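Okay, structure first, notes after.
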Amino acid sequence: MQMICCKRLFKFAVLLILCLSAAGWMQNPVFTRQDTLRGSITPERAWWDLTYYHLSVKVDPADSSFTGSNLIGCRVIEPNKTMQIDLQPPMKISRITQNGRDLKFVRDGNAWFVKLESLPKTGDTVYLLVEFGGRPKVSRRPPWDGGVTWAEDQNGHPFIATANQGDGASLWWPCKDHPYDEPDSMKISITVPDPLMNVSNGRLLKHERHSDGTNTSHWFVSNPINNYGVNINIGDYVHFGDVYAGEKGNLDCDYWVLRYNEVKAREHFKQAHMTLEAFEHWFGPYPFYEDSYKLVEVPYSGMEHQSSVTYGNGFKNGFLGRDESRTGYGLKFDFIIIHESGHEWFANSITNWDAADMWIHESFIAYSENLFVDYFWGKEAGAEYCRGTRLNISNDRPIIGIYGVNYSGSGDMYAKGANMLHTLRQIVDNDEKWRQILRGLNKEFYHQTVKSEQIENYISRQTGLDLRPFFDQYLRDTGIPTFEYAVVGRKLRYRWINCVKDFNMKLKIYINAKMYWLSPIPQRQILELENHITSVEIDRDFYAAGFQLTEIIEQK
Ligand SMILES: [Zn+2]
């Protein structure tokens, strides 16, 4: 008995130490050479600009293996002979050729350095064929834990999907695994056993049947695509489709679901058109008309794979049955359809240049849930949804991560980021102007990889406000800015505390139930009214706190 207790105590102590060291690491992370190779623009990456990928993979469910090749096309920016290609173990590169001739390569952890046969000239286009294979990492908790999911559908057919956000595309295929560079187009050819079918990004060019009991689907993406967006989804699928009459004309919408889910899906996926309608209103035209829009059923909750949004939310509203806002509005729509489709604008069209700036993906799209509710149920409903998500904020670490080492910031990039943007909408105080800023971002940075500063500066320019302290506060600091005030008779003394040093966010407040705009700063200011002040209330759509120094003091 005592032994068991000791064992338990020991286990508890080990767990405690692990938790404390994990928490310590989050506050003060230590990075390795591998993190730098993955997360920075190394000299072996900087000299070439991706133009094309043709990824071919044979997937064998019998032994969980992937075997194939990736033809990498690039334009030479400055001559260099050594190129970095990324592929994580246990996957291995077996051969690299240029113009049919074998090249020498060495491996350094997840990075492979290959020597070209001769020094290329600036402006040259170089093609390397990288052959690879292995049994890629299995995901234990997709999509949060990257890898391949090998599941079975209810009829016993294999049901397979990749999801690798964070861990990286190089988890299963060789590529330049950094978000700053995207190929201009990509072909994806996947071979699977009959009667399965693979669905990837873009449009289906050709579907070939072979005599050996396999079939190959060839997909083509005619726009730049981020690495983590590339995906393969294999199942006993049925297909149906329709057309959405959108801002840029007719958009082909295709739906791929397991055979026995077709009836449910035909009804439930009507939300796809609602999503496109709301987001074209707020963000502008869907960014990949040429590549179509797709919802593809997968054996995990879902992911924003470009032009093949993956879906596994059980054909139910909410997120796996939950309401992220606890207001009731979160059960009025399917979180995965809305959230992951929203990423076509922020994540796939406008992509972070470095993983540290992932708020560009998640803050705008967590905020887009509010905009979706706003579009269909009204402005106050959207605001209520957004305020409801504040319960999910932890203020543990800044939203912006650490540059150059593939390190994203706090999960607050979702709910806090959404509330930051909702607060900004209050400051702009002109809904049409705000909508034009959101649409403007999608024009200005269409199909680009961008840094946080570019987004911040664009919004500052469009609003005419110096928003640098605002963004520093919400993206680079963990404090909740606090409006400290005291009332003495007819006077309100106030300032911002718990904030960055030049924080100057204007604030809407209600004094004696009448609305006022104040411009607090960290230095104390005084507002004097004609009447005695009996109540002070901060507008609840601002993500900021209020702290009353004293009870209201009457002065005769
Ligand atoms: Zn997301």
Side-chain angles (χ1 to χ4, degrees), residues 327 367 370-371 374 377-391 393 395 416 418-437 456 459-474 477-556:
T327 60
Y367 177 63
N370 154 359
L371 296 178
D374 179 318
W377 291 280
K379 184 174 174 179
E380 180 45 33
E384 196 181 329
Y385 178 91
C386 195
R387 294 193 301 266
T389 63
R390 285 177 190 167
L391 282 168
I393 299 174
N395 281 311
K416 185 178 174 184
N419 274 281
M420 171 186 79
L421 293 169
H422 184 60
T423 301
L424 196 46
R425 179 182 181 176
Q426 314 312 313
I427 296 167
V428 172
D429 198 28
N430 177 333
D431 287 347
E432 184 50 25
K433 185 172 177 183
W434 178 238
R435 186 170 81 100
Q436 291 309 330
I437 290 172
E456 295 168 43
I459 301 176
S460 284
R461 272 201 314 278
Q462 298 305 313
T463 55
L465 301 167
D466 173 17
L467 293 170
R468 192 185 43 74
F470 174 88
F471 286 118
D472 280 349
Q473 180 65 51
Y474 288 104
D477 194 275
T478 55
I480 304 174
T482 303
F483 180 72
E484 181 198 80
Y485 65 95
V487 173
V488 183
R490 293 183 293 108
K491 286 183 186 163
L492 178 75
R493 290 154 52 116
Y494 62 92
R495 62 172 179 163
W496 281 122
I497 59 165
N498 199 32
C499 58
V500 296
K501 74 174 184 337
D502 47 358
F503 190 64
N504 60 355
M505 179 173 80
K506 67 174 183 170
L507 180 69
K508 191 194 280 185
I509 67 167
Y510 300 89
I511 304 175
N512 300 347
K514 192 177 165 211
M515 195 257 280
Y516 291 82
W517 277 104
L518 298 185
S519 299
I521 51 175
Q523 289 73 42
R524 189 171 297 124
Q525 296 184 80
I526 295 175
L527 173 75
E528 188 167 357
L529 299 181
E530 286 181 1
N531 300 319
H532 278 247
I533 297 173
T534 53
S535 72
V536 177
E537 200 186 329
I538 297 170
D539 187 274
R540 59 191 180 157
D541 285 315
F542 284 75
Y543 180 62
F547 179 65
Q548 188 179 354
L549 276 173
T550 65
E551 291 299 305
I552 291 174
I553 298 170
E554 285 282 336
Q555 274 193 343
K556 303 287 177 211

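Note that the coordinates shown come from a computational prediction; the quantities given were computed from them, not determined experimentally. Heads up: numbering here begins at 1 and tracks the sequence.
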| What residues, two or more places apart in sequence or in another chain, satisfy side chain to side chain donor-acceptor pair (under 3.5 Å) together with N498? | none
| Is it true that a side-chain atom of S460 and a backbone atom of L467 form a donor plus acceptor pair closer than 3.5 Å? | yes
| query | Quick one: OG1 on T482 to CD1 on I538, what's the gap to the nearest 0.5 Å? | reply | 8.5 Å
| field | P469 versus D466, closest heavy-atom pair with distance | value | CD-O, 3.5 Å
| message | If the condition is side chain to side chain donor-acceptor pair (under 3.5 Å), which residues does D502 pass it with, not counting sequence neighbours? | response | R468
| message | Can you tell me how far apart CD1 (I511) and CG (N531) are? Round to the nearest 0.5 Å. | response | 11.0 Å
| remark: Sorted by chain and residue number, the side chain to side chain contact (heavy atoms under 4.5 Å, CB included) partners of A381 (sequence neighbours excluded) come out as Y329, V373, W377
| task | Kindly give the heavy-atom pair with the smallest separation between F542 and T423, and that separation in Å. | result | CD2-CG2, 3.6 Å
| query | Is the closest side-chain heavy-atom distance between M420 and F470 below 4.5 Å? | reply | yes
| side chain to side chain contact (heavy atoms under 4.5 Å, CB included) with Q462: which residues, sequence neighbours excluded? | I437, Y458
| Once the angle between the rings of H422 and Y367 is folded into 0 to 90°, is it parallel (under 30°), tilted (30 to 60°) or perpendicular (over 60°)? | tilted
| query | Got a sec, which residues hit side chain to side chain contact (heavy atoms under 4.5 Å, CB included) with E484, two or more places apart in sequence or on another chain? | reply | R495, I497, F547, L549
| Looking only at atom types and distance, does a side-chain atom of N370 sit under 3.5 Å from a main-chain N or O of Y385, one as donor and one as acceptor? | no
| note | F471 meets the ring pair (Phe, Tyr, Trp, His ring centres under 6.0 Å) criterion, sequence neighbours left out, with none
| salt_bridge(R387, E384) N-O dist < 4.0 Å | no
| remark: When rounded to the nearest 0.5 Å, the distance separating OH of Y516 from CG of D539 is 15.0 Å
| Does the side chain of Q548 come within less than 4.5 Å of V536's, by heavy atoms? | no
| salt bridge (charged side-chain N to carboxylate O under 4.0 Å, His left out) partners for K491, two or more places apart | none
| said: Test of understanding: with side chain to side chain donor-acceptor pair (under 3.5 Å), list the residues that count as partners of K433, not counting sequence neighbours. | reply: none
| message | Tell me every residue that passes ring pair (Phe, Tyr, Trp, His ring centres under 6.0 Å) with Y543, counting only those two or more places apart in sequence or in another chain. | response | none
| Is any NZ, NE, NH1 or NH2 atom of the basic residue among D374 and R425 found under 4.0 Å from an Asp or Glu carboxylate oxygen of the other? | yes
| Do W496 and L507 come close enough that some side-chain heavy atom pair is under 4.5 Å? | yes
| field | Partner set under side chain to side chain contact (heavy atoms under 4.5 Å, CB included) for L391, not counting sequence neighbours | value | R326
| message | To check you understand the geometry: which heavy-atom pair defines the closest contact between C386 and A418, and what is its length? | response | SG-O, 3.8 Å
Side chains of residues 517-528: which donor-acceptor pairs under 3.5 Å do they make with residues two or more places apart or in other chains?
| unit_1 | atom_1 | unit_2 | atom_2 | d |
| --- | --- | --- | --- | --- |
| Q525 | NE2 | S519 | O | 2.9 |
| E528 | OE2 | R490 | NH1 | 3.2 |
| E528 | OE2 | R490 | NH2 | 3.2 |

| task | Please list, chain by chain and in numerical order, all residues satisfying side chain to side chain donor-acceptor pair (under 3.5 Å) with E530, sequence neighbours excluded. | result | none
| From CG (L465) to CE (M505), nearest 0.5 Å | 12.0 Å
| said: A side-chain contact here means heavy atoms from C-beta on lying under 4.5 Å apart; do P481 and Y474 qualify? | reply: yes
| query | Do N419 and T389 have side-chain heavy atoms sitting under 4.5 Å apart? | reply | yes
| Minimum heavy-atom separation for V487 to I533, with atom names? | CG1-CB, 3.6 Å
| query | Do you know the tightest heavy-atom contact between D477 and K416? | reply | O-NZ, 3.3 Å
| query | Do T534 side-chain atoms and H532 backbone N/O form a donor-acceptor pair below 3.5 Å? | reply | no
| said: Would you compute the distance between atom CD1 of I480 and atom CZ of R390 and round it to the nearest 0.5 angstrom? | reply: 9.5 Å
